[in-house]
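Right, one structure below, let's go through it.
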Amino acid sequence: MLNINTSSLSSLPYPCIVVAKDLTPSDTANLDFINLLGFVTEEGSITSHTAILAQAFNIPAVVGVRGIIDQVKKAEEIIIDSGEGLVILNPTEEEKHFYSIKKDEKDKISRELIKFRDLPAITSKGRRIKVFANIGSEKEAEIAINMGAEGIGLFRTEFIFLDRNDPPSEEEQFRIYKRVAEIFKDKPVIIRTLDIGGDKEIPYLKLEKEKNPFLGVRGLRLCLLERELFKVQLRAILRASVFGNIWIMYPMVAIKEEVEEANKILEEVKQEFENEGKTFVRNIKVGIMVEIPSIALSLEEVIDIIDFVSIGSNDLIQYTFAADRTNEKLRYLYIPNHRAVVSLIKNVVDVCHKFGKEVGVCGEIAGDEEYVPLLVDLGVDELSMAPSKIPVIKKKIIEL
């Protein structure tokens, strides 16, 4: 109506760097990865979904650059250094030459790391750490298996629900889950049930606007309220379970009663399948994400009704410090090795091992060389990360 031209990021006209105020999860889920050289955003943090997706596809990105939109012009040359968090406008010939050499060196290191891709991650003391991948689509699943992933530690199914006018059908979800299961064959594929809320919105669900969405109806809380939506997803997962080694994981668990209610709904779906004569894996593994301090501190109450645990460190850190992880002004409160966070992780690991259950980490620290030694020392059994990080993290574990 205002005669304003909008640009679709799903079909970029030529190879370019995208500069934006921010990118929503639906924006990033549909980016044109062929012509996208990198992106810069004014908002966001290293644990925002924009940054997470950039790592998944190994795309250079710098987030949280305030005022960049007012400073950069269309078709202007810029250089982004994602490692240093730098954006250089109108680079000089010397700067172009320097970064051309730097890129060649990085590409060489990446080629050398490939030899670690298919090696088992075993420390010098003989401890075996499973290295899994975080994905949000079939495309990422193919990248993950090619990068040496030993399984999928986190399938972010919310990306299937974004950027559309109605929820995906049971059949559509089934085909996607089945394809990923077939790609990984007997390797575990942990499917996280719908995790919507916070910075991920679905307009067609017509949810009430919340004053504090990160502390509102999101994750498993939403699924327990939108039961039909939840049951459709569970049906699709169970149907796909016979084509591989699929596990189910509930997000945003705060108390035992939520898990009991979710398991009750899962049991209802299983009973429906049996009545319909459908084939599925009856004893499919069910686990939870530990992202809220309350469940991290009371895990013994729920450990007997679950099969495994995965620590979502991004949200666990966020809720421990009561600091929005997408707010660049609060970056100083992103402290993965703070004694409070370490104590919570240690308690989770100890409880899991006491009851013979495996525990993984699927947050960003699982793919960060700086924090991997700490996680290994704490006794974590599995680390799940962006596919591009797998070779370097395997190398790091082998060197420990």
Side-chain angles (χ1 to χ4, degrees), residues 151-158 160-161 167-178 180-181 184 186 188-197 205 217-292 294-296 298-310 312 348 351-352 355-360 362:
I152 296 298
L154 172 61
F155 186 166
R156 299 186 180 93
T157 60
E158 58 269 21
I160 303 170
F161 290 75
S169 66
E170 176 188 325
E171 188 64 29
E172 182 180 348
Q173 291 187 63
F174 161 68
R175 288 197 301 267
I176 294 171
Y177 305 149
K178 173 177 177 286
V180 174
F184 277 83
D186 61 336
V189 172
I190 301 176
I191 298 179
R192 180 175 71 183
T193 55
L194 185 60
D195 186 15
I196 289 297
L205 289 183
V217 180
R218 58 170 298 201
L220 186 59
R221 301 169 184 179
L222 171 65
C223 290
L224 294 179
L225 289 173
E226 300 285 340
R227 296 199 173 206
E228 190 53 39
L229 189 74
F230 189 34
K231 288 183 73 172
V232 168
Q233 183 172 39
L234 292 176
R235 286 178 65 89
I237 293 173
L238 287 178
R239 284 177 59 193
S241 65
V242 297
F243 294 93
N245 186 12
I246 289 178
W247 303 2
I248 297 174
M249 181 164 66
Y250 305 137
M252 281 296 293
V253 172
I255 57 176
K256 177 182 180 179
E257 287 75 12
E258 291 172 327
V259 181
E260 289 177 328
E261 191 62 26
N263 280 345
K264 181 181 176 182
I265 297 171
L266 176 61
E267 187 58 35
E268 289 176 6
V269 176
K270 289 180 178 180
Q271 192 60 54
E272 290 172 4
F273 268 32
E274 289 178 344
N275 294 339
E276 296 167 10
K278 285 186 167 62
T279 57
F280 66 99
V281 176
R282 194 45 163 103
N283 61 341
I284 188 170
K285 289 189 177 183
V286 176
I288 64 170
M289 286 190 75
V290 170
E291 306 163 275
I292 302 174
S294 63
I295 200 69
S298 61
L299 190 60
E300 282 204 34
E301 295 180 5
V302 72
I303 196 70
D304 62 329
I305 59 172
I306 58 175
D307 298 303
F308 67 94
V309 167
S310 185
V348 172
V351 170
C352 286
F355 289 86
K357 308 290 173 73
E358 288 196 352
V359 56
C362 59

Subject >> Heavy-atom check, side chain of Val290 versus side chain of Ser310, under 4.5 Å >> reply: no

**OP:** Give, for atom CD1 of Ile246 and atom CD1 of Ile191, the distance between the pair rounded to the nearest 0.5 Å.
**Re:** 4.0 Å

Original post:
Between the side chain of Glu261 and the main-chain N/O of Leu224, is any donor-acceptor distance below 3.5 Å?
Top reply: no

Original post:
Just wondering, do Asp195 and Arg218 contact through their side chains at under 4.5 Å, heavy atoms?
Top reply: yes

**OP:** Evaluate the criterion side chain to side chain contact (heavy atoms under 4.5 Å, CB included) for residue pair Ile152 and Phe184; output intermediate values, then yes/no.
**Re:** CA-CA 8 Å; Ile152 296 298; Phe184 277 83; 3.5 Å; yes

**OP:** Evaluate the side-chain proximity of Leu266 to Lys270: yes if any heavy-atom separation is below 4.5 Å, no if none is.
**Re:** yes

Subject >> Charged tip of Lys178 within 45° of Phe243 ring normal and under 6.0 Å >> reply: yes

Original post:
Counting N and O atoms only, with roles assigned by atom type, does the side chain of Ser298 sit under 3.5 Å from a partner on the main chain of Glu301, one being a donor and the other an acceptor?
Top reply: no

Original post:
Tell me, do Val309 and Val348 make a side-chain contact under 4.5 Å, heavy atoms counted?
Top reply: yes

**OP:** Please tell me if the side chains of Pro251 and Thr193 come closer than 4.5 Å, counting only heavy atoms from C-beta onward.
**Re:** yes

Original post:
Should Gln233 and Phe161 be marked as a side chain to side chain contact (heavy atoms under 4.5 Å, CB included) after you check the CA-CA gap, both sets of side-chain angles, and the distance that decides it?
Top reply: CA-CA 11 Å; Gln233 183 172 39; Phe161 290 75; 4.2 Å; yes

**OP:** Would you give the length of the straight line joining atom CE of Met249 to atom CZ of Phe308, rounded to the nearest 0.5 angstrom?
**Re:** 6.0 Å

**OP:** Return yes if some donor-acceptor pair links the side-chain N/O of Glu258 with the main-chain N/O of Ile255 below 3.5 Å, else return no.
**Re:** yes

Original post:
With a 4.0 Å cut-off, would you call Glu276 and Arg235 a salt bridge?
Top reply: yes

Original post:
Hey, is Lys357 close enough to Asp307 for a salt bridge, meaning N to O under 4.0 Å?
Top reply: no

**OP:** Please determine if Glu170 and Arg239 form a salt bridge, counting it only when a charged side-chain N lies under 4.0 Å from a carboxylate O.
**Re:** yes

Original post:
Out of curiosity, Asn245 CG to Ile190 CD1, how far, rounded to the nearest 0.5 Å?
Top reply: 9.0 Å

**OP:** Working to the nearest 0.5 Å, report the span between CD1 of Ile176 and CD of Glu172.
**Re:** 5.0 Å

Original post:
Within the side chain of Thr157, is there an N or O that forms a donor-acceptor pair under 3.5 Å with the backbone of Arg192?
Top reply: yes

**OP:** Determine the minimum heavy-atom distance between Ile284 and Ser241, stating which atoms define it.
**Re:** CD1-CB, 4.0 Å

**OP:** Verify, without hydrogens or angle tests, whether Glu291 (side chain) and Met252 (backbone) share a donor-acceptor contact under 3.5 angstrom.
**Re:** yes

Subject >> Interatomic spacing from CG in Leu222 to CG in Leu229 - rounded to 0.5 Å >> reply: 7.0 Å

Original post:
Where do Ala262 and Leu220 come nearest, in terms of heavy atoms and distance?
Top reply: CB-CD1, 3.9 Å

Original post:
Looking only at heavy atoms, what is the nearest atom pair of Val259 and Ile305, with distance?
Top reply: CG1-CD1, 3.8 Å

Subject >> Any side-chain heavy-atom pair of Ile288 and Leu299 under 4.5 Å >> reply: yes

**OP:** State which residue, out of Leu234, Thr279, Leu238, fulfils the side chain to side chain contact (heavy atoms under 4.5 Å, CB included) condition with Phe273.
**Re:** Leu238

**OP:** List for me each residue that meets ring-ring contact (aromatic ring centres under 6.0 Å, His included) alongside Tyr177, sequence neighbours excluded, and say none if there are none.
**Re:** Phe155

**OP:** Check the pair Glu267, Arg282 against salt bridge (charged side-chain N to carboxylate O under 4.0 Å, His left out), reporting the backbone distance first and the verdict last.
**Re:** CA-CA 9 Å; Glu267 187 58 35; Arg282 194 45 163 103; 2.7 Å; yes

Original post:
If you look at every heavy atom in Cys352 and Ile303, which pair is closest and at what distance?
Top reply: SG-CD1, 4.2 Å

Original post:
Can you find a pair of side-chain heavy atoms, one from Ile306 and one from Tyr250, that are under 4.5 Å apart?
Top reply: no

Original post:
Could you give the distance from CD (Glu272) to CZ (Phe280), rounded to the nearest 0.5 Å?
Top reply: 10.5 Å

Original post:
At their closest point, which heavy atom of Ala236 faces which heavy atom of Gln173, and how far apart are they?
Top reply: CB-CB, 3.6 Å

Original post:
What are the two closest heavy atoms between Ala254 and Ser294, and how far apart are they?
Top reply: O-OG, 2.8 Å

